[in-house]
Undergrad: 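The structure follows.
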Amino acid sequence: MIDTIAALSTAQGPGAIGILRVSGSLVLPISLAVLEKNGNPLTETFIQNQKRSAIFCDFVENGKPLDQIVFLYFPAPNSYTGEDLAEFHLHGNPILLKRALHVLLEKGARPAQKGEFTKRAYLNGKINLSGAEAISRLIEARSKYELELAQKNVFGEITKLSSKIRSDLISLKAECEAEIDFSTEDLTFESLEQRKNRMLDLKNLCSKLIKDSERAESFILQSTVVLYGEPNTGKSSLMNVLIGKDRSIISDVPGTTRDYIAEELSLDGIPIRLVDTAGIRETNDNIEQMGIERSKREADSANVKLFLIDTSLPFEIQSFLSKHKERLFGSLIVANKIDQKHPSWQRESMLELQKEFQITISEISCKTKEGIPELLDLLKSKLTSKDDTEDLVLLEDRQRYHIQKIESCLSESIQLMENNAPAEIYIQEINVALQEIGQVNGMVENEEILGRIFSKFCVGK
């Protein structure tokens, strides 16, 4: 008998709907024990005739109605888990859902473990391991880039790639075995150079897959954007504008910000860590100086540095360069306070620096919000211009490990061939590579590995 599991499958907290999911051999008996319609218990025949259809009925506890619900029954094997599965759609009150789940447990289910529904789907052949991992990534995606990459894997991108690698490895293995078995026969086989080139192409495919995954990973990691510059240039004001609330203290007194302040936000799906730093100036205040040193370290490690200039003050480019030349490279120069800019500020005077320091210039006013949309567009361009996710794939750590092992096996096999080793020797590396590719999508029987994979899921998934 397959034990029966139950869990809340929707997010914790109040909502319009909360869904309890039950899977296992006791789904029908448990459902029959808690469901009524018009005061009469539902029958097995009625539920079987309405399989995969929404049934409006009452969820009862000891004969007393607990909630009006929608019930769906999915008989094995045509369900998410491959087992009998039922969903109870209740109103999304956390107290009500907890009570209803307790009733299901009293009737014979047990609490599901993290990822157990998807683990059962995998064990019952409803989904492969790469697909299961993609579902977890899809649920937990923190940016549109991570979501796009997860969607590609849900729809089988990793499965297709690993299937190609497996097919090519089998072809290589078959050619090697044919040469070994029929070496004394008057047969024609591919040349060693042709075979080596096939191995090299496959090795390069694995290498590209690993590199593309590393690039994809960089898209979903949080980018650090640092607001940098002299005191009173408007760094704190710009931070408050970008995050939409007063987070940094604004003051006309230089040195107000004595340490960096960081906030997390999403810019059109791009996860950003925005850092407001202490103004850079000469000071005898030890505390302020410590803050300035920390600010410099933050700026040095930033993905994008917004270097702010106060255009309401007299501006002389040579003086500016003598102070900040070493920190301008690659910056996005933000000329603030253009609503009250001084006659000495001329954007054209900075244009000669653009090529030398690879800078970009944006004119804004934090007070009037002029130029803010254009600044955001420039910032998004800075964060996304280096790569495009369209052709990238995202490997989980486990998948990357196996692909790297295959790459290593192919490198070793090529080296053996170049050293004139017989096919009986280098075919062993191909055999190991085949075992590794089988681990990407195929059945993994090690319970510890499975536990580690599915422990990342939420309980109801």
Side-chain angles (χ1 to χ4, degrees), residues 4-24 27 30-31 34-35 52 54-59 61 66-74 79-81 83 85-107 109-122 126-127 131-155 220-222 243-245 263-272 394 396 451-461:
T4 303
I5 56 175
L8 175 67
S9 286
T10 44
Q12 298 285 344
I17 297 172
I19 299 175
L20 298 176
R21 176 183 276 176
V22 183
S23 180
V27 163
I30 291 173
S31 301
V34 300
L35 298 178
R52 292 184 295 279
I55 301 173
F56 182 67
C57 55
D58 296 333
F59 189 105
E61 179 184 14
L66 198 63
D67 193 16
Q68 290 183 321
I69 73 164
V70 171
F71 171 76
L72 295 102
Y73 171 61
F74 304 89
S79 71
Y80 178 73
T81 60
E83 307 166 347
L85 184 142
E87 291 183 354
F88 300 80
H89 295 230
L90 292 86
H91 292 95
N93 180 288
I95 301 172
L96 175 63
L97 292 167
K98 185 176 180 180
R99 185 63 217 162
L101 178 59
H102 180 72
V103 172
L104 295 175
L105 299 179
E106 285 183 333
K107 299 301 181 182
R110 67 164 173 81
Q113 299 173 359
K114 285 186 176 182
E116 191 168 4
F117 288 93
T118 304
K119 182 178 179 180
R120 291 186 175 203
Y122 163 70
K126 304 296 291 186
I127 191 171
E133 289 170 309
I135 289 171
S136 177
R137 176 76 73 165
L138 184 73
I139 294 170
E140 300 294 332
R142 296 159 297 173
S143 70
K144 73 171 186 177
Y145 297 108
E146 188 172 8
L147 180 61
E148 289 169 0
L149 291 163
Q151 286 172 323
K152 290 171 73 171
N153 288 354
V154 166
F155 288 104
I220 64 178
L221 293 176
Q222 202 173 54
I243 66 175
K245 63 180 180 180
E263 280 284 323
E264 296 181 3
L265 69 151
S266 176
L267 180 60
D268 280 3
I270 307 170
I272 291 174
L394 182 63
E396 301 298 336
R452 190 162 60 243
I453 292 170
F454 291 103
S455 66
K456 299 178 182 177
F457 286 61
C458 58
V459 171
K461 196 63 182 176

Undergrad: Do V27 and L85 touch side chain to side chain, with heavy atoms closer than 4.5 Å?
TA: no
Undergrad: Could you walk me through whether I19 and H89 pass side chain to side chain contact (heavy atoms under 4.5 Å, CB included), step by step?
TA: CA-CA 5 Å; I19 299 175; H89 295 230; 3.5 Å; yes
Undergrad: Answer yes or no: are there more than 12 heavy-atom neighbours, outside Q12 itself, under 6.0 Å from its atom CD?
TA: no
Undergrad: Looking at CD of E264 and CD1 of I272, how far apart are the two atoms once the value is rounded to the nearest 0.5 Å?
TA: 11.0 Å
Undergrad: Please report the shortest heavy-atom distance between L20 and A100, naming the atom on each side.
TA: CD1-CB, 3.6 Å
Undergrad: Nearest 0.5 angstrom please: L96 CG to L90 CG, how far?
TA: 5.5 Å
Undergrad: First locate atom CD of E146, then atom CG of L149, and finally report the distance between them rounded to the nearest 0.5 Å.
TA: 8.0 Å
Undergrad: Report yes if some heavy atom in the side chain of L35 is under 4.5 Å from a heavy atom in the side chain of I69; otherwise report no.
TA: yes
Undergrad: I need the minimum non-hydrogen distance between G24 and E83, along with the two atoms involved.
TA: N-OE1, 3.4 Å
Undergrad: Quick one, L66 with V34, criterion side chain to side chain contact (heavy atoms under 4.5 Å, CB included). Give me CA distance, side-chain angles, the key distance, then yes/no.
TA: CA-CA 10 Å; L66 198 63; V34 300; over 6 Å; no
Undergrad: Could you walk me through whether N153 and R137 pass the side chain to side chain contact (heavy atoms under 4.5 Å, CB included) check?
TA: CA-CA 9 Å; N153 288 354; R137 176 76 73 165; over 6 Å; no
Undergrad: Between V22 and A6, which heavy-atom pair has the shortest distance, and what is it?
TA: CG2-CB, 3.9 Å
Undergrad: Test S79 against every option in F74, Y73, F117 by the side chain to side chain contact (heavy atoms under 4.5 Å, CB included) rule and name the one that passes.
TA: F74
Undergrad: Rounded to the nearest 0.5 Å, what's the gap from CG on L104 to CD on E61? Could you check?
TA: 10.5 Å
Undergrad: Closest approach of T118 and A132, non-hydrogen atoms and distance?
TA: CG2-CB, 3.8 Å
Undergrad: Could you give me the CA-CA distance, side-chain angles and deciding distance for F56 and Q68, then say whether side chain to side chain contact (heavy atoms under 4.5 Å, CB included) is met?
TA: CA-CA 7 Å; F56 182 67; Q68 290 183 321; 4.0 Å; yes
Undergrad: Please work out which of the three classes, parallel, tilted or perpendicular, describes the rings of F59 and F88, given edges at 30° and 60°.
TA: perpendicular
Undergrad: Which pair of heavy atoms, one from G13 and one from P94, lies closest together, and at what distance?
TA: C-CG, 3.7 Å
Undergrad: Nearest 0.5 Å, please: how far is OG in S23 from CD in E87?
TA: 10.5 Å
Undergrad: Measure the CG-CG distance between L8 and L97 for me, rounded to the nearest 0.5 Å.
TA: 5.5 Å
Undergrad: Side-chain contact, heavy-atom cut-off 4.5 Å: L138 with L147?
TA: yes
Undergrad: Do the charged groups of R120 and E116 touch, with an N to O distance under 4.0 Å?
TA: yes
Undergrad: Could you tell me which non-hydrogen atom of A109 sits nearest to which non-hydrogen atom of I5, and how far apart they are?
TA: CB-C, 4.4 Å
